[in-house]
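These values consider heavy atoms only, across backbone and side chains, with no hydrogens, waters or symmetry-generated copies. Numbered from 1 within each chain, the chains take letters A, B, ... in sequence-line order.
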There are 2 protein chains.
Amino acid sequence: MNKTLIQELINRYITLTNDVWKRGEVLVREEIGSDLTNDQLYLLRYVNQHKQCTTTELAEVFFVQKSAISAIVNRLVEKNLMERSQDKEDRRIVVLSLTDEGKELYLKMESKIFKLVESFITQFNEKEITQFMQSYEKLAKILKDKMEEK
Amino acid sequence: MNKTLIQELINRYITLTNDVWKRGEVLVREEIGSDLTNDQLYLLRYVNQHKQCTTTELAEVFFVQKSAISAIVNRLVEKNLMERSQDKEDRRIVVLSLTDEGKELYLKMESKIFKLVESFITQFNEKEITQFMQSYEKLAKILKDKMEEK
DNA sequence: TATATTAGTTCAACACGTGAACTATTCACG
DNA sequence: CGTGAATAGTTCACGTGTTGAACTAATATA
């Protein structure tokens with residue numbers, strides 16, 4: 001693969017990622033119609049899917065400092081969507097979970113994402129999806145190894 | 001495709017996009033070692049690749065308001081990496097371009113991205129890359145149509 | 001028991017986002 | 001023409017997200 005082709009590939013890839021990601025955010029947010037930011041929704045989503053979730057874990061998953069997570073959690077607690085509780089075994093640990101109101105909003109969001117995906121997934125056949133995801137997984141693994149080799 | 005499979009697909013896709021994107025940012029920024037933010041680097045990159053670039057165009061590309069672009073451009077101008085000039089034909093238009101210092105930084109960044117991609121692209125064969133990009137393009141087009149159908 | 005490590009929060013400072021208010025220029029049409 | 005609408009862009013206030021340092025509290029280690 002020559003240099004120009006790689007350059008074109010990089011440009012196209014960066015543009016596509018930006019486009020797909022931002023458009024997805026717009027489409028989901030338009031529908032659920034809450035006053036939450038995207039970051040708040042990602043956190044809400046992750047916490048509901050991974051029980052016994054901690055600040056440290058979230059910081060690692062989203063590649064930010066713990067203080068950044070604290071700030072977002074504070075806003076979600078203020079909005080009565082999330083709550084903190086102490087771990088019985090190790091009292092340093094703060095376990096995060098959604099309130100009933102938070103769970104309700106989570107379900108609304110998931111349902112919207114599902115409908116969105118359902119509406120266009122028919123345009124792909126299963127083999128195409130499998131291949132795409134396999135390549136994507138491979139890419140993710142390569143970058144992960146690269147970051148950890150230091 | 002049943003409901004559970006779609007849910008798993010969505011989760012895996014969201015995780016992968018977040019992972020790949022953020023890890024790529026970390027790897028590039030570690031190497032070029034400037035004090036610029038990611039957003040500033042994206043703008044720098046876009047402006048150098050698309051001559052005669054305007055605030056309005058950047059706002060559309062990055063899915064933000066024009067005022068957000070103005071703010072970032074201000075910071076890049078302060079750092080002596082970008083400059084504004086007036087269009088001769090239509091004096092409302094502000095044409096953005098990089099200073100020599102900005103171009104130098106751009107080349108440094110591109111070279112780093114290139115080396116990074118080059119180092120792992122050998123692990124994919126050309127057919128796999130072509131198929132991946134085709135599916136990605138298709139996905140981007142579907143989301144674009146969806147957003148415009150309103 | 002003393003010290004180091006771990007989990008988490010708060011704070012100041014800065015970057016980024018929006019939407020409203022504003023300036024300046026060009027377009028459209030009676 | 002001239003006047004109002006549309007377009008390009010900036011500035012501002014305010015809320016949110018991020019870092020890194022300083023801090024509290026609890027647990028692990030030697």
Side-chain angles (χ1 to χ4, degrees), chain A residues 18 21-23 25-26 28-30 33-47 50 52-79 81-97, chain B residues 18 21-23 25-26 28-30 33-47 50 52-79 81-97:
Chain A
N18 181 62
W21 192 249
K22 301 260 179 80
R23 283 188 203 278
E25 283 182 344
V26 169
V28 170
R29 284 176 49 73
E30 262 175 7
S34 77
D35 65 339
L36 298 190
T37 63
N38 291 321
D39 290 315
Q40 287 167 11
L41 290 176
Y42 293 135
L43 227 66
L44 206 69
R45 194 167 183 281
Y46 191 92
V47 169
H50 302 77
Q52 301 296 310
C53 192
T54 67
T55 303
T56 303
E57 183 183 349
L58 290 169
E60 278 165 11
V61 167
F62 293 104
F63 298 90
V64 294
Q65 299 297 317
K66 290 189 284 185
S67 53
I69 301 295
S70 269
I72 302 179
V73 170
N74 283 344
R75 289 181 196 112
L76 288 170
V77 169
E78 264 171 41
K79 288 174 202 282
L81 298 168
M82 199 176 279
E83 50 195 4
R84 294 177 161 106
S85 65
Q86 220 171 25
D87 187 292
K88 303 281 184 223
E89 316 271 297
D90 184 342
R91 291 187 306 163
R92 287 172 302 183
I93 297 174
V94 171
V95 178
L96 300 168
S97 58
Chain B
N18 180 62
W21 193 248
K22 301 258 181 84
R23 284 188 203 276
E25 284 182 343
V26 169
V28 170
R29 284 176 48 71
E30 262 176 7
S34 77
D35 65 339
L36 298 190
T37 64
N38 290 321
D39 289 316
Q40 287 167 12
L41 290 177
Y42 292 135
L43 228 65
L44 206 68
R45 196 169 181 281
Y46 190 93
V47 169
H50 303 76
Q52 300 295 310
C53 192
T54 67
T55 302
T56 302
E57 183 182 349
L58 289 169
E60 279 165 10
V61 168
F62 293 104
F63 298 91
V64 294
Q65 299 297 317
K66 289 189 285 185
S67 53
I69 300 295
S70 269
I72 302 179
V73 170
N74 283 343
R75 289 178 199 110
L76 288 169
V77 170
E78 263 171 42
K79 289 176 202 284
L81 297 168
M82 199 176 279
E83 49 195 5
R84 294 177 160 104
S85 64
Q86 219 171 25
D87 187 292
K88 304 280 184 224
E89 317 270 299
D90 184 342
R91 290 188 307 161
R92 287 171 304 183
I93 296 174
V94 171
V95 178
L96 299 168
S97 57

How long is the straight-line distance from [atom2] of [Y] back to [atom1] of [X], given to the nearest 0.5 Å?
| X | Y | atom1 | atom2 | result |
| --- | --- | --- | --- | --- |
| Ile69(A) | Leu58(A) | CD1 | CG | 5.0 Å |
| Thr37(B) | Arg75(B) | OG1 | CZ | 8.0 Å |
| Leu76(B) | Glu83(B) | CG | CD | 12.0 Å |
| Lys79(B) | Leu36(B) | NZ | CG | 5.5 Å |

Which heavy atom in [X] sits nearest to a heavy atom in [Y], and how many Å separate them?
| X | Y | value |
| --- | --- | --- |
| Glu25(B) | Tyr42(B) | OE2-OH, 2.5 Å |
| Asp90(B) | Asp87(B) | N-OD1, 3.1 Å |
| Val47(A) | Ser97(A) | CG1-CA, 3.9 Å |
| Phe63(A) | Lys22(B) | CD1-CB, 3.5 Å |

N/O contacts under 3.5 Å, protein versus nucleotides 21-24 of chain D?
none

> Got a sec? Which of residues 69-78 of chain A come in under 4.0 Å of DNA chain D, heavy atoms?
Replying inline: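 Nucleic-acid contacts, sorted: Ala71(A), Ile72(A), Arg75(A).
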> In residues 35-47 of chain A, what residues come within less than 4.0 Å of DNA chain D, judged by heavy atoms?
Replying inline: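 Of all residues in residues 35-47 of chain A, the ones placing a heavy atom under 4.0 Å from DNA chain D are Thr37(A), Asp39(A), Gln40(A).
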Would a 4.5 Å heavy-atom cut-off, applied to side chains only, mark [X] and [Y] as touching?
| X | Y | answer |
| --- | --- | --- |
| Phe62(B) | Asp39(B) | no |
| Val28(A) | Asn38(A) | no |
| Arg84(A) | Asn74(A) | yes |
| Glu30(B) | Val26(B) | yes |
| His50(B) | Val61(B) | no |
| Arg29(A) | Leu41(A) | yes |

Anything under 3.5 Å between a protein N or O and an N or O of nucleotides 28-30 of chain D, put it in a table, one pair a line.
none

> What does Glu89(B) touch in the nucleic acid at a heavy-atom separation under 4.0 angstrom: a base, only the sugar-phosphate, or nothing?
Replying inline: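 If one applies the 4.0 Å heavy-atom cut-off, Glu89(B) turns out to touch the sugar-phosphate alone, with no base involved.
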Nearest whole angstrom, please: distance from the [atom2] of [N] to the [atom1] of [X].
| X | N | atom1 | atom2 | answer |
| --- | --- | --- | --- | --- |
| Leu96(A) | dA7(C) | CG | C1' | 12 Å |
| Ile93(A) | dT5(C) | CD1 | P | 18 Å |
| Gln52(B) | dG9(D) | CD | P | 12 Å |

> Of all of residues 53-65 of chain A, which get a heavy atom below 4.0 angstrom from DNA chain C, listed by number?
Replying inline: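 When residues 53-65 of chain A is checked for heavy atoms under 4.0 Å from DNA chain C, the hits, listed by number, are Thr54(A), Thr55(A), Thr56(A).
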> What side-chain hydrogen bond (donor to acceptor under 3.5 Å, both in side chains) pairs are there with at least one residue in residues 54-71 of chain B, not counting sequence neighbours?
Replying inline: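 Matches after skipping sequence neighbours: Tyr46(B)-Glu57(B).
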> Would you say dG8(C) has OP1 or OP2 under 4.0 Å from some side-chain N or O of Arg91(A)?
Replying inline: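 Arg91(A) to dG8(C) OP1/OP2: no side-chain N or O under 4.0 Å.
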>> Quick check on DNA chain D: between Lys88(A) and Lys66(A), whose nearest nucleotide comes earlier from the 5' end?
In response: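 The residue mapped nearer the 5' terminus is Lys66(A).
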